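First comes the structure, then the notes that go with it.
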Amino acid sequence: MTDVAQVLTRLYSDEGRQNPYPCYADLHRLGPVSPVPARAEHRAVAAVAVGYDLVDRLLRDPEWYKQPPPGWQDQEVLRTLQTSMMFVNPPDHTRMRGVFAKTFTPRRLGALEPVVHRVVDGLLDRMADAGGTEVDFVAEFAYPMPALVMAEFIGIPAGELDFYRQRVERIDEFLDVAGKTPERLAAANTAAAELRAFYRDLLAHRRRTPGEDLISALVEAVDAGDVALTEDELVSNLVVLFNAAFVTTVYMFSNGLPLLLDHPQVAAALPADEALTRGAVDEILRLEAPVHFLARAAPRDTDLGGVPVGRDENVLLMIAGANRDPARFGDPDRFDPRRSGPPSLAFGAGPHYCIGAAVSRLEGRLALPRLLARFPGLAISEPPVHSGSLFLRGVDKLLVSTGAKENS
């Protein structure tokens with residue numbers, strides 16, 4: 001029988017990163033949790049968990065914490081990450097998240113709907129102008145759509161998005177399991193420093209010329225002492241928030257379109273069926289979660305399903321594998337937008353549940369029906385090109401034909 005070391009070796013290979021799902025199926029056959037052999041490349045990882053119930057429980061347990069990497073204070077990228085709400089533990093996490101949670105309100109989400117419609121329709125017009133020729137769906141829609149929406153929401157000038165994307169990609173490459181090389185660390189450090197300088201300049205500009213965006217509101221609150229957040233923490237959180245809020249949505253679209261087009265009856269019905277659309281977005285996120293793994297450290301010596309885990313040792317939580325747990329999802333590899341069952345773990349669970357999840361779902365719910373209504377003949381021209389990353393896994397290039405030129 002295949003052991004966990006062999007499965008992880010396959011998973012971390014180029015082939016495994018391109019298609020990790022057979023590896024997750026093998027992990028399920030080994031059980032909900034498996035011990036990880038003590039090897040240098042695994043560092044302080046004691047176990048890998050793939051069972052839905054166990055992964056969900058550990059994500060929700062506030063005692064299981066995020067362990068900072070050694071020497072993080074010495075690296076610009078790690079200092080930025082470790083002073084943001086996504087990577088810190090309570091009470092700092094609670095303090096920071098409370099500031100930003102006030103901005104992701106139902107009222108603000110409602111105000112985003114016309115922004116999403118405007119951005120989507122503009123991008124669809126541009127795709128239509130290409131006629132029946134091939135376009136890269138990621139470059140022309142999946143990336144600019146959430147990036148433009150979040151840029152307007154947060155207050156980033158649209159003309160700066162190309163600059164921003166290049167630096168975000170260097171940080172994401174470093175975060176992958178295969179990314180901890182000196183070259184990628186150096187590139188990520190430079191990118192983080194440039195993004196911090198970018199935000200400091202933007203904050204200064206918003207102090208002189210405030211607007212209606214999130215940054216303007218936060219600058220005013222920080223300067224007035226109304227929120228428990230330093231300016232350095234504000235910068236760190238803006239770097240991480242923008243990245244997390246739009247990269248996962250990019251991959252929701254680029255991972256999801258092939259699934260929908262493989263099920264033409266669903267794609268055809270989507271524009272007229274809101275319930276089906278909501279189910280399709282959830283099922284895309286379950287089957288093709290943009291974030292594939294997280295880690296949590298044990299607060300004390302413990303036993304997980306017969307696997308001993310020492311205090312401060314990490315458990316690798318394979319959330320993309322948990323989303324395909326056959327014990328919780330019947331026929332787990334099948335796309336079924338009317339599926340019942342537990343919610344996917346695509347956005348995590350518990351205290352660190354993704355603060356932008358509602359925005360991402362809103363964008364999917366509004367954009368996908370408009371896309372498929374505008375281009376009923378949409379077809380994939382070439383096999384998708386995946387990112388090659390496991391931490392943030394998605395399609396980076398997807399050539400499609402829109403069919404005959406459509407009218408608005």
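Quick caveat, the model's predicted, so the values are computed rather than measured. This chain uses plain numbering: 1 for the first residue, then up along the sequence.
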Inset, instruction - Over 60° means perpendicular and under 30° means parallel, so classify the ring planes of Tyr21 and Tyr24, tilted if in between. - result: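 Aromatic pair Tyr24/Tyr21 classed perpendicular.
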
Legend entry - Tyr353 and Phe347 aromatic ring geometry - parallel, tilted or perpendicular at 30°/60° bounds: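 Phe347 and Tyr353: perpendicular rings.
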
Inset, instruction - Might you confirm whether atom CD of Glu160 has over 12 heavy atoms from other residues, nucleotides or ligands at distances under 6.0 Å? - result: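 For Glu160, atom CD is crowded (more than 12 foreign heavy atoms under 6.0 Å).
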
Legend entry - Option among Asp125, Val119, Asp121 that satisfies the side chain to side chain contact (heavy atoms under 4.5 Å, CB included) test with Leu123: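 That would be Val119; it is the only one of Asp125, Val119, Asp121 passing the side chain to side chain contact (heavy atoms under 4.5 Å, CB included) with Leu123.
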
Legend entry - Result of checking Leu214, Leu218, Asp213 against Ile154 for side chain to side chain contact (heavy atoms under 4.5 Å, CB included):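 For Ile154, the side chain to side chain contact (heavy atoms under 4.5 Å, CB included) check succeeds only for Leu214.
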
Inset, instruction - Output, in order, the C-alpha distance, side-chain angles, deciding distance and verdict of side-chain contact (heavy atoms from CB on, under 4.5 Å) for Leu59 and Trp64. - result: CA-CA 7 Å; Leu59 287 174; Trp64 283 75; over 6 Å; no

Inset, instruction - Could you please spell out the steps behind the side-chain hydrogen bond (donor to acceptor under 3.5 Å, both in side chains) verdict for Tyr251 and Asp396? - result: CA-CA 8 Å; Tyr251 285 156; Asp396 278 349; 2.7 Å; yes

Inset, instruction - Starting from the C-alpha separation in whole Å, work towards a yes-or-no answer on salt bridge (Lys or Arg N to Asp or Glu O under 4.0 Å) for Arg170 and Glu173. - result: CA-CA 5 Å; Arg170 292 174 199 160; Glu173 287 168 357; over 6 Å; no

What are the two closest heavy atoms between [X] and [Y], and how far apart are they?
X: Arg126; Y: Ala139; value: NH2-O, 4.4 Å
X: Pro35; Y: Val4; value: O-CG1, 2.9 Å
X: Tyr143; Y: Leu161; value: OH-O, 3.3 Å
X: Leu345; Y: Ile319; value: O-CD1, 3.6 Å
X: His352; Y: Met85; value: CE1-O, 3.3 Å
X: Pro369; Y: Gly364; value: CD-O, 3.9 Å

Give, for atom [atom1] of [X] and atom [atom2] of [Y], the distance between the pair rounded to the nearest 0.5 Å.
X: Glu283; Y: Glu288; atom1: CD; atom2: CD; result: 10.5 Å
X: Arg200; Y: Glu231; atom1: CZ; atom2: CD; result: 8.5 Å
X: His386; Y: Asn255; atom1: NE2; atom2: CG; result: 6.0 Å
X: Ile355; Y: Ser360; atom1: CD1; atom2: OG; result: 13.5 Å
X: Ser84; Y: Arg97; atom1: OG; atom2: CZ; result: 12.0 Å
X: Asn314; Y: Lys66; atom1: CG; atom2: NZ; result: 11.5 Å

Main-chain N/O of [Y] paired to [X] side chain as donor or acceptor, under 3.5 Å:
X: Arg17; Y: Tyr12; value: yes
X: Arg324; Y: Leu287; value: yes
X: Arg286; Y: Pro332; value: yes
X: Ser216; Y: Glu212; value: no
X: Arg393; Y: Gln18; value: yes
X: Asp136; Y: Leu398; value: yes
X: Gln67; Y: Asp312; value: yes
X: Arg79; Y: Gln73; value: yes
X: Thr248; Y: Val291; value: no
X: Asp325; Y: Tyr52; value: yes

Inset, instruction - Determine, stepwise, if the pair Ser401 / Ser381 fulfils side-chain hydrogen bond (donor to acceptor under 3.5 Å, both in side chains). - result: CA-CA 6 Å; Ser401 171; Ser381 306; 5.3 Å; no

Assess whether a salt bridge exists between [X] and [Y], defined as any Lys/Arg side-chain N lying under 4.0 Å from an Asp/Glu carboxylate O.
X: Arg57; Y: Asp61; result: no
X: Asp273; Y: Arg338; result: yes
X: Arg95; Y: Asp92; result: yes

Legend entry - Stepwise side-chain contact (heavy atoms from CB on, under 4.5 Å) check, Val88 with Thr83: CA-CA 7 Å; Val88 298; Thr83 51; 5.7 Å; no

Inset, instruction - Verify the distance criterion only: is there a donor paired with an acceptor across the side chains of Thr80 and Arg196 at less than 3.5 Å? - result: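 There is such a pair (donor and acceptor under 3.5 Å, judged by atom type) between the side chains of Thr80 and Arg196.
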
So, do [X] and [Y] sit near enough that their side-chain heavy atoms are less than 4.5 Å apart?
X: Val266; Y: Phe335; answer: yes
X: Asp172; Y: Ser389; answer: no
X: Leu378; Y: Leu257; answer: yes
X: Val281; Y: Pro337; answer: no
X: Asp282; Y: Arg361; answer: yes
X: Pro157; Y: Leu202; answer: yes
X: Met252; Y: Thr249; answer: yes
X: Gln6; Y: Asp26; answer: no

Legend entry - Cation-pi geometry met for Arg339 and Phe329 (6.0 Å, 45°):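 No, Arg339 does not sit over the ring of Phe329.
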
Inset, instruction - Assess the pair Tyr164 and Phe198: is the distance between their ring centroids shorter than 6.0 Å? - result: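 Centroid separation for Tyr164 and Phe198: below 6.0 Å.
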
Inset, instruction - Start with the C-alpha gap between Met318 and Leu11, add the side-chain angles, then the distance that decides, and say whether side-chain contact (heavy atoms from CB on, under 4.5 Å) holds. - result: CA-CA 11 Å; Met318 292 298 188; Leu11 180 63; 3.4 Å; yes

Legend entry - Stepwise salt bridge (Lys or Arg N to Asp or Glu O under 4.0 Å) check, Arg365 with Glu113: CA-CA 10 Å; Arg365 177 173 61 81; Glu113 289 199 24; 3.7 Å; yes

Inset, instruction - List the steps, then state whether side-chain contact (heavy atoms from CB on, under 4.5 Å) holds for Val7 with Val48. - result: CA-CA 11 Å; Val7 176; Val48 56; over 6 Å; no

Inset, instruction - Apply salt bridge (Lys or Arg N to Asp or Glu O under 4.0 Å) to Lys397 and Glu382, showing your working. - result: CA-CA 9 Å; Lys397 185 175 183 181; Glu382 295 182 12; 6.0 Å; no

Inset, instruction - Begin with the C-alpha distance, continue with both residues' side-chain angles, and end with the deciding distance and a verdict on salt bridge (Lys or Arg N to Asp or Glu O under 4.0 Å) for Arg165 and Asp162. - result: CA-CA 5 Å; Arg165 183 183 189 181; Asp162 284 343; over 6 Å; no

